[in-house]
J.: 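Quick one: structure below, then a few questions.
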Number of protein chains: 2
Amino acid sequence: MPVRLKDIARDLNLSKMTISKVLRGQTDVSADTKARVLQRAKELNYRPNTTARTLRTGQTFMIGMVVPAIGETFLAEITEGIDQVIRSAGYGLMVCPSQQDPKNEERLVELMLSRQVDAILVAPMDESAPLFERLGKNQTVPLICLNRRLSGPSENFVGINEQEVGRVACEHLLAMGSRRIGYLRGPHTPVGDNRYLGYREALTNADHAFHPELVIDAMGTDCSDYTRGFEGMLKLLMGRTRPDGVMAYSDIMAVGAIDAALSRNIKIPEGIAFVGCGNDPMVCEMRVPLSSVVLPGQEVGQRAARMALRLIANPGKAENRKIFISPKLVERKSSMRCR
Amino acid sequence: MPVRLKDIARDLNLSKMTISKVLRGQTDVSADTKARVLQRAKELNYRPNTTARTLRTGQTFMIGMVVPAIGETFLAEITEGIDQVIRSAGYGLMVCPSQQDPKNEERLVELMLSRQVDAILVAPMDESAPLFERLGKNQTVPLICLNRRLSGPSENFVGINEQEVGRVACEHLLAMGSRRIGYLRGPHTPVGDNRYLGYREALTNADHAFHPELVIDAMGTDCSDYTRGFEGMLKLLMGRTRPDGVMAYSDIMAVGAIDAALSRNIKIPEGIAFVGCGNDPMVCEMRVPLSSVVLPGQEVGQRAARMALRLIANPGKAENRKIFISPKLVERKSSMRCR
DNA sequence: ATGAAAGCGCTAACAT
DNA sequence: ATGTTAGCGCTTTCAT
């Protein structure tokens with residue numbers, strides 16, 4: 001039912017080879033023929049069968065991406081960055097959400113491989129096995145791991161320097177004069193653990209004592225991040241060591257914490273300074289404008305895409321690089337004390 | 001470099017036909033042969049070339065989806081619903097974000113068509129031209145329009161009944177005893193316009209006067225939805241007609257409005273009752289728990305996926321249906337006045 | 001139970 | 001400037 005080269009060829013008494021040449025922009029065709037072919041193709045609403053082309057050429061001009069779920073702002077920024085780089089190179093991006101199912105994640109990676117995408121980017125879930133373990137070593141399609149660090153030593157990786165995230169937030173609070181810095185800690189994942197390490201590192205670098213009671217495991221999947229931040233903050237306020245600076249794993253947790261502090265009539269930032277993480281535009285302008293550590297998702301996407309294009313251009317040359325993007329800090333009122 | 005049927009066949013002194021049969025689970029193969037083939041395939045880490053298979057069979061077992069951007073919660077829910085339905089049928093979902101570029105959106109639809117996906121779902125942007133206009137009428141691949149209603153009369157559509165969204169919110173406030181209901185209106189898009197119509201409809205049905213000064217065009221892309229809600233609410237409070245109930249286009253706008261009201265020492269819900277829209281879990285538990293209109297994204301996805309599978313199973317039979325999912329209301333403190 | 005032949009729609013390489 | 005041949009890896013059909 002769909003129109004093929006053959007159909008156009010028949011209509012114009014030409015060989016399908018000539019049609020193919022015209023439609024791919026080859027120059028060794030007469031101007032007249034070219035015009036006729038283009039017109040007929042348009043009339044018939046011809047669409048090339050990319051499947052056949054791929055089978056022949058081995059190239060899809062598609063980059064596949066496997067993610068736990070769409071919906072996260074950070075991932076959306078990453079795809080923007082990818083798109084900016086690959087579109088001008090003629091590539092397209094297709095995203096497959098695994099819906100948080102490790103089996104499905106694996107199935108989708110297999111699917112993309114068998115679909116001959118030219119490169120694969122994977123933002124693995126926390127529960128994922130390292131990618132190469134499950135793919136067999138004889139991997140020919142370039143594969144890049146994003147965001148989380150579950151990658152083995154031989155994998156390509158692009159992501160945020162998460163330890164620096166924790167360090168930057170803590171150093172900022174120190175610079176703002178906070179001495180007892182509380183941490184509303186996130187999940188015990190590679191990302192969460194690294195941020196925590198950064199927090200500890202900043203304290204050590206500044207010769208500050210570490211108070212274990214200032215770290216709150218704001219866990220529990222039964223309530224929202226906001227509530228976790230709120231309750232965590234209340235716990236901090238009830239503790240022996242009263243913090244004068246608080247950083248949170250996410251912006252929304254920080255907002256919850258701020259609300260808890262306000263409910264106790266604490267002045268922000270004078271009484272306690274706050275820093276969140278993610279720089280979520282929806283959240284950072286609320287109530288007390290929130291200082292936040294920016295995770296440059298677009299940059300992650302751009303670097304990953306460039307790496308992918310490089311790997312595609314040089315097959316076999318496993319470059320095996322790990323790229324860590326540094327976070328940035330946006331200062332807003334929640335931490336702006338007199339220096 | 002990748003392993004092919006031919007390679008396994010050579011190793012085992014069989015024809016590639018036999019290999020193909022085994023790997024597709026045909027039964028007319030001896031148990032012994034079958035075992036040997038399976039083992040060798042595993043050893044070589046064989047992955048079928050789906051491109052070749054598709055070229056031969058005409059089926060990809062893939063459903064393509066084109067969206068303005070990933071990152072929206074509502075779209076994420078839709079993909080969950082889709083996945084639930086199609087996965088058990090052996091189909092996969094690939095999502096292509098157009099990054100808000102109409103040209104790119106069109107290009108991606110073309111790309112999926114030429115890639116032989118078995119069906120296409122499009123969540124168009126507001127700026128999109130109706131789909132069928134740009135595709136030519138001789139469309140054979142099933143195509144379904146999601147979410148927004150830019151669809152022409154001959155298109156398949158699954159989405160939210162947006163007018164009902166506005167109506168439900170307004171009716172709820174009326175039932176809670178509000179008499180002067182303010183509306184922090186969203187963008188002037190098909191979705192926004194329909195919700196507004198629902199608001200008007202509810203007022204009319206209840207024989208309530210419509211006060212134009214109670215509708216605030218909370219527009220402007222220069223600030224966040226929160227700020228728009230906040231400022232919009234301040235405007236409402238400065239107007240001649242003081243509202244005793246307020247509905248907002250989004251949850252985050254409602255939260256902004258609530259903060260504005262609280263800053264004026266207004267009691268919630270006693271002084272003013274509030275209803276948001278979207279039931280965003282991140283937002284609805286904040287400060288004053290927010291009543292919100294639920295947009296059942298999963299259901300949209302499920303219905304769309306079922307429609308897609310139906311269309312795939314009955315090629316040519318254009319069923320041309322429009323399905324509107326009704327929203328639901330979740331009542332929380334922000335609107336719970338004594339009845 | 002196994003295999004040979006043909007072809008899906010396209011393009012690379014090579015005539016004419 | 002145009003056309004012929006061959007084949008990408010797989011599956012459908014029809015022998016054996």
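Naming convention: chains lettered A, B, ... in sequence-line order (proteins, then strands); numbering from 1 in each chain.
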J.: Measure from the side-chain heavy atoms of B/Asp28 and tell me the nearest of D/dG7, C/dT2, C/dC8.
T.: C/dT2
J.: For the side chain of A/Asp11 and the backbone of A/Ile8, is there at least one donor-acceptor N/O pair under 3.5 Å apart?
T.: no
J.: Atom CG of A/Asn49 and atom P of C/dT11: how far apart are they, to the nearest Å?
T.: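 Computing the A/Asn49:CG to C/dT11:P distance gives 9 Å.
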J.: Rounded to whole Å, please give me the gap between CG in A/Leu55 and C1' in C/dA12.
T.: 13 Å
J.: Please give, in whole Å, the distance from C/dA13 C1' to A/Gln26 CD?
T.: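 So the CD-C1' distance, A/Gln26 to C/dA13, works out to 12 Å.
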J.: C/dC10, OP1 or OP2 - any side-chain N/O from A/Arg24 closer than 4.0 Å?
T.: no
J.: Does any donor atom in the side chain of A/Ser326 or A/Asn161 lie under 3.5 Å from an acceptor atom in the other side chain?
T.: no
J.: Rounded to the Å, how far apart are B/Phe61 CZ and D/dT11 P?
T.: 12 Å
J.: Counting N and O atoms only, with roles assigned by atom type, does the side chain of A/Arg303 sit under 3.5 Å from a partner on the main chain of A/Ile323, one being a donor and the other an acceptor?
T.: no
J.: Within the supplied structure, the quantity of interest is the number of heavy atoms (other residues, nucleotides, ligands) at a distance under 6.0 Å from A/Arg115 CZ; does it exceed 12?
T.: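 Yes, because the 6.0 Å sphere around CZ of A/Arg115 holds more than 12 heavy atoms from other groups.
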J.: Out of D/dT2, D/dC10, C/dG9, which nucleotide sits closest to the side chain of A/Val29?
T.: D/dT2
J.: Please round to 10 degrees the angle between the axis of the first five pairs and the axis of the last five pairs in the helix from C/dA1-D/dT16 to C/dT16-D/dA1.
T.: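 About 40°, once rounded to a multiple of 10°.
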J.: Is there a residue in residues 30-42 of chain A whose heavy atoms reach under 4.0 Å of DNA chain C, and which residues are they?
T.: none
J.: With side-chain contact (heavy atoms from CB on, under 4.5 Å) as the test, pick out the partner of B/Val117 among B/Leu113, B/Leu121, B/Ile120.
T.: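 One option only clears the test, and that one is B/Ile120.
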J.: Measure CZ/B/Arg10 against P/C/dT2 and give the value in whole Å, please.
T.: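 Result: 20 Å.
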J.: Judged by atom type as modelled, is there a donor-acceptor pair below 3.5 Å linking the side chain of A/Gln116 to the main-chain atoms of A/Thr54?
T.: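 Between the backbone of A/Thr54 and the side chain of A/Gln116 there is no qualifying donor-acceptor contact (under 3.5 Å).
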J.: Just by distance, with hydrogens left out, do A/Glu80 and A/Gln84 show a side-chain donor and acceptor under 3.5 Å apart?
T.: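 Short answer, no.
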J.: Within residues 12-20 of chain B, which residues have any heavy atom lying less than 4.0 Å from an atom of DNA chain D?
T.: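 The stretch gives B/Lys16, B/Met17, B/Ser20 as the residues lying under 4.0 Å from the strand, ordered by number.
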J.: Nearest whole angstrom, please: distance from the P of C/dG9 to the CD of A/Gln59.
T.: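 Distance, rounded to whole Å: 23 Å.
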J.: Test side chain to side chain contact (heavy atoms under 4.5 Å, CB included) on A/Val67 and A/Ile78 and set out the steps.
T.: CA-CA 11 Å; A/Val67 304; A/Ile78 292 180; over 6 Å; no
J.: For A/Val300 and A/Ile160: C-alpha separation, side-chain torsions, deciding distance, then whether side chain to side chain contact (heavy atoms under 4.5 Å, CB included) applies.
T.: CA-CA 7 Å; A/Val300 171; A/Ile160 301 286; 3.8 Å; yes
J.: Rounded to whole angstrom units, what separation is found between the NZ atom of B/Lys21 and the P atom of D/dA15?
T.: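 So the two atoms are 14 Å apart, to the nearest Å.
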J.: Please state whether the phosphate of D/dC10, meaning OP1 or OP2, lies under 4.0 angstrom from any side-chain nitrogen or oxygen of B/Tyr46.
T.: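 So the side chain of B/Tyr46 is within the cut-off, an N or O lying under 4.0 Å from OP1 or OP2 of D/dC10.
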J.: In this structure, how many angstroms lie between the C1' atom of C/dC8 and the CG atom of A/Asp7, rounded?
T.: 14 Å
J.: Return yes if some donor-acceptor pair links the side-chain N/O of A/Lys322 with the main-chain N/O of A/Glu155 below 3.5 Å, else return no.
T.: yes
J.: Just so I know, are the side chains of A/Thr79 and A/Asp83 near enough to count as touching, which here means a heavy-atom distance under 4.5 Å?
T.: no
J.: Within a 6.0 Å radius of atom CZ on B/Arg40, are there more than 12 heavy atoms belonging to other residues, nucleotides or ligands?
T.: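 Enclosed.
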J.: Among the candidates C/dG9, D/dT11, D/dT2, find the nucleotide nearest to the side-chain atoms of B/Arg56.
T.: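 Between C/dG9, D/dT11, D/dT2, the one nearest the side chain of B/Arg56 would be D/dT11.
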